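All values reported here derive from a predicted model rather than from experimental measurement. Position 1 is the first residue of the sequence; numbering continues from there.
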Amino acid sequence: MKFIPISIAIVLLAGCNSTTSTDSNNAAVDNNATANNGLICSREARTGTRFGKRTCRTQEQIDRQEEEAKRMLDSRGNNTGAQGGL
């Protein structure tokens, strides 16, 4: 009876080990392809899961998003006093 669960566990672990080499090969190919396009790829954390999301953007897009975030924070900081006096 103990033989069946142990053999199933071994098969599952062997299957997991075989997929990691292809994932790393795919990542290397993706990095080479994005380097030619001028894209910068990064892995971003997502709320509610431990898996990250891979996003690729140009440097111009990254700079524009940073500026928009700064403007949003500045406007939000300026509006806090205008909501009424407590």
Side-chain angles (χ1 to χ4, degrees):
M1 286 306 249
K2 291 182 182 179
F3 180 70
I4 293 173
I6 292 173
S7 62
I8 291 173
I10 291 172
V11 170
L12 290 175
L13 289 175
C16 292
N17 285 336
S18 66
T19 59
T20 56
S21 64
T22 58
D23 291 340
S24 63
N25 290 340
N26 290 340
V29 170
D30 289 341
N31 287 338
N32 291 336
T34 57
N36 295 336
N37 295 334
L39 295 175
I40 301 170
C41 296
S42 63
R43 198 162 285 285
E44 297 178 357
R46 295 188 315 184
T47 304
T49 181
R50 61 187 178 126
F51 298 108
K53 179 181 178 185
R54 184 170 186 242
T55 57
C56 298
R57 298 174 287 192
T58 63
Q59 185 62 43
E60 181 180 313
Q61 290 172 327
I62 293 170
D63 293 339
R64 185 176 47 226
Q65 287 178 346
E66 287 177 359
E67 286 297 319
E68 289 175 5
K70 287 178 186 177
R71 271 189 262 127
M72 183 183 72
L73 288 174
D74 287 342
S75 67
R76 188 173 177 186
N78 293 337
N79 290 336
T80 55
Q83 290 182 354
L86 276 183

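In this structure R43 satisfies the side chain to side chain contact (heavy atoms under 4.5 Å, CB included) test together with R54, sequence neighbours excluded. Every residue was checked against the side chain to side chain contact (heavy atoms under 4.5 Å, CB included) condition with R50, not counting sequence neighbours, and none meets it. Annotation: side chain to side chain contact (heavy atoms under 4.5 Å, CB included) contacts of K53 (sequence neighbours excluded): R46, T55.
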Kindly list each side-chain donor-acceptor pair under 3.5 angstrom involving residues 56-63, sequence neighbours excluded, with atom names and distances?
{"unit_1": "R57", "atom_1": "NH1", "unit_2": "Q65", "atom_2": "OE1", "d": "2.3"}
{"unit_1": "R57", "atom_1": "NH2", "unit_2": "E44", "atom_2": "OE2", "d": "3.2"}
{"unit_1": "T58", "atom_1": "OG1", "unit_2": "Q61", "atom_2": "N", "d": "3.3"}
{"unit_1": "Q59", "atom_1": "NE2", "unit_2": "D63", "atom_2": "OD1", "d": "3.0"}
{"unit_1": "Q61", "atom_1": "OE1", "unit_2": "T58", "atom_2": "N", "d": "2.9"}

